[in-house]
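In what follows, a structure is listed as structure tokens, so that the remarks can point back to it.
Atoms within a ligand are numbered from 1 in the order they appear, just like the ligands themselves.
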Amino acid sequence: MERVLVLNGPNLGRLGVREPEIYGSASMADLQESALAWGSALGLTVDVRQTDDESELVGWLHEAVDARAHVVLNPAAFTHYSYAVRDAAAQVTTSGLLLVEVHLSNPAAREAFRSHSVVGAVATGTIAGFGFDSYRLALEALAARLRG
Ligand code: DQA
């Protein structure tokens, strides 16, 4: 089975508590449970992780390259300014693996600073604005692409 790392950046461990009117009332543990179920229905081995630490996120992207795992990435605030995350994400896609950038909210419809993603240009594609369904759609898109 193909492996997919579902990687989440800063403050996403606060899902359910943090601005529920934007991010919903479900937790990261709920997302983990849903993503594992979606993955197994699609024939994917899914590993969901969250960190507030930029270097840890960069390390996980390196791990994806070395382990030949595809990536679903919600870089959270790093989306908008982290060239380190962007460069690590580029290593995933330039090594022939798929990387889908996801967002729970639609950053383009929010504050101006959220309208630019430094990660988007190196991602295979981006899905934003559908809450947890952004992750489900990303896994479905990955599975469809892997089926050819
Ligand atoms: C987010 C959008 C980002 O702008 C924000 O910094 C986040 C979450 C989202 O999933 O909607 O932390 O990536």
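Side-chain contact check for Asp53 and Ser55: at least one donor-acceptor pair (N or O, by modelled atom type) lies under 3.5 Å.
For Glu140, the side-chain hydrogen bond (donor to acceptor under 3.5 Å, both in side chains) partners two or more places apart in sequence, or in a different chain, are Arg136. Every residue two or more places apart in sequence or in another chain that forms a side-chain hydrogen bond (donor to acceptor under 3.5 Å, both in side chains) with Asp52 is listed here: Gln50.
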Please list every donor-acceptor pair under 3.5 Å in which a side-chain atom of residues 17-26 meets a protein atom from a residue at least two apart or in another chain.
{"unit_1": "Arg18", "atom_1": "NH2", "unit_2": "Tyr23", "atom_2": "OH", "d": "3.4"}
{"unit_1": "Tyr23", "atom_1": "OH", "unit_2": "Arg110", "atom_2": "NH1", "d": "2.9"}
{"unit_1": "Tyr23", "atom_1": "OH", "unit_2": "Arg110", "atom_2": "NH2", "d": "3.4"}

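Within 4.0 Å of ligand 1, contacts by protein heavy atoms are made from Arg18, Tyr23, Asn74, Ala76, Ala77, His80, His103, Leu104, Ser105, Arg114.
Under 4.0 Å is where a charged nitrogen must lie from a carboxylate oxygen, and between Arg147 and Glu2 no such pair does.
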Could you go through the side-chain hydrogen bond (donor to acceptor under 3.5 Å, both in side chains) check for Glu101 and Thr79 one step at a time? CA-CA 9 Å; Glu101 178 186 355; Thr79 305; 4.5 Å; no

